[in-house]
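Report on the following structure.
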Amino acid sequence: MKVWILLAVCLAACAVAPFIGPGFSADSADFIFWQLRVPRTLMAMLVGGTLSLVGAVYQSLFANPLAAPSTVGTTAGATLGALVAIILGARLAPGGLPLITAAAFVGALGVSLVVAAIAAGRRVRMNDVVLAGIACSMAAGALATGLQFSADSAELMAATRWSLGHLPQVGYSGVLLLTPFAAVTVVGLLALTRALEVFIAGEEHAESQGVPVRRVRTVAIGLGALGVAACVAWCGPIAFVELIVPHLVRRTLGVSRRVLLPGSVVVGAAFLALCDASARVILPGRELPVGVVTAALGAPLLVSLVARSRS
Amino acid sequence: MTTGLTLDAVTVRARGRTLLDCVSLRVAPGDFVAIVGPNGAGKSTLLRVALGLLRPDSGHALVDGQDVSELSPRERAARLAWLPQRLEAAEPITALEQVVSARYRFPESRRASETAAHKALAEVGAGSFAMRPITELSGGERQRVAVAGLLAQETPLVLLDEPANFLDPAHQLELYTRMGHLWRAGRGILCVTHDVNVLSHAHAPGTRAPRVVGLFQGRVAFELSHDAPDLGERLGELFGVRMLATAVDGHRVFVGLPRSGGAP
């Protein structure tokens, strides 16, 4: 029952999102609505759903509520790749967004594969993998800072803008390019639900109950990296979504993996679509980066939920 | 082909220490083998080798004639089930979901898994808390849920890793009595413990006795029947105390005493 109400609310939120925003004149309505707002909302749904699911899966996999693509290095790798592209690409080919996207994708995948390779080891504790992820994040972050330090002011502005997280697309090309990656990630990860349920009692216990633990965690991290790399490549590191949404779902619908994983997809899609819509109206005449909104909205929401469940 | 679990000259070394030294052991369906020994004797290592979680440096662990490390996890889970000391409960999933996860090896629908899980929970008297989060259960209740998982996995061999360590006497009695039933129903049981007295719960008077294997510093010190007259003496040597066997209501009990006889 609760599940259906939440599903209806989320669908309604996604449907309403494109209508939120400053009014527009009748002659530009068609363009703004169909070429800007609808593709933006679709993009937000794809990104929000994918990031949240990956977050939920990582939390299950690492048995750690803090595990998320941003804590195991995926996001930092993407940021590094994008910065390299912004700083080199700005000199080589001005305005080359696909170049930035491709570089961010390579960066995210590169770091994630290092972490996945560590996770594939025979006798590896998941905490070590989180630690390796944090180390990779720091290394990538240090390189990125070094690059920013040597950049000129225009490049620095572009880099800052990118690293705040944004959904800047006009038209449907981004949506079309992202859809296959998001689809592979979501379908692949949801197919692991049964195995991830068994993971709750610990990896060795899961192994004794028939789960190919090493294969599951390698596939899950690989798929997660693929989806997150694609999202981050297009939209920059949108903060907190992958951390907040699974916790929201966990605290409202429960921890059962069969609810948590699909629930994270739906709630994540609606959450980011709404955040994107609010980004259009919070500052009149200006648009905030959506990453700022997710953090500003999501963090208090999470804190209040945590506080309420403690009392 | 030999059925059951066979350890064949298993040796495990780690960081220059020999944890298991040429250990050979056999547990066929219908056998109850208890591994006893002091802390650090290699009992847990032995269990991890049998489960295929640890590959021995030399020797083999075979299940139904096949090397455990060469079986797929699913094939292994069809033959061996494991009851840990304590069920980890990282998340407040329900007892039912916990038991359903033991059905992972079966290619069956969710509904079939839930039916089997309900049946297993009812069998251990845990039907009433099937829908409660396992994090809210007491240690005894949680171990009952773990036993339900063991039953739901439907394996011919069962490995127990000091499963009564955190239980009060009533729950210890209940657990080992149930293991005794499973044993007499034809399952093979390998049980690691340092408390030899729990075995008397599994050993119904007038029936076959479990086999007791003493493990000391990674080696098999002795292998005796639970009935053997010199078992107390051998156990005493194993634990470095004087151990006397006595009988209460037909159950064999061992009492550890200081070696000198008087006050320590």
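To find a chain, count down the sequence lines: A is the first, B the second, and so on, and within it residues start at 1.
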If we define contacts as heavy-atom pairs under 4.5 Å, which of B/S101, B/A102, B/S72, B/A146 has the most with chain A?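 Top count of heavy-atom pairs under 4.5 Å with chain A: B/S101.
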Residue [X] versus chain A: region with a heavy atom under 4.5 Å:
X	result
B/E75	neither
B/R76	side chain
B/L51	side chain

Does A/R257 offer a backbone N or O that forms a donor-acceptor pair with the side chain of B/E91 under 3.5 Å?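 No, B/E91 side chain to A/R257 backbone: no donor-acceptor pair under 3.5 Å.
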Is there side-chain contact between [X] and [Y], with heavy atoms separated by less than 4.5 Å?
X	Y	value
A/H205	B/L87	yes
B/P73	A/V211	no
B/V100	A/R194	yes

Do other residues, nucleotides or ligands put more than 12 heavy atoms under 6.0 Å from [X] [atom1]?
X	atom1	result
B/R74	CZ	yes
B/H171	NE2	yes
A/R215	CZ	no

Do you know which of A/S60, A/A206, A/G254, A/A195 has the most heavy-atom pairs under 4.5 Å to chain B?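 Greatest number of close heavy-atom pairs with chain B: A/A195.
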Identify whether the distance between the nearest side-chain nitrogen and carboxylate oxygen of A/E197 and B/R103 falls below 4.0 Å.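 No, A/E197 and B/R103 are not salt-bridged.
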Hey, is A/R258 close enough to B/E97 for a salt bridge, meaning N to O under 4.0 Å?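 No, this pair does not count.
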Where on A/R250 is there a heavy atom nearer than 4.5 Å to chain B: the side chain, the backbone, both, or neither?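 For A/R250, the contact with chain B is made by the side chain alone.
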Can you name the nearest heavy-atom pair linking A/P212 to B/Y104, along with the distance?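 Closest approach of A/P212 to B/Y104, heavy atoms only: CD-OH, 4.0 Å.
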List the residues meeting side-chain hydrogen bond (donor to acceptor under 3.5 Å, both in side chains) with B/R142, not counting sequence neighbours, and say none if there are none.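 Once residues adjacent in sequence are excluded, B/R142 has no partner under the side-chain hydrogen bond (donor to acceptor under 3.5 Å, both in side chains) criterion.
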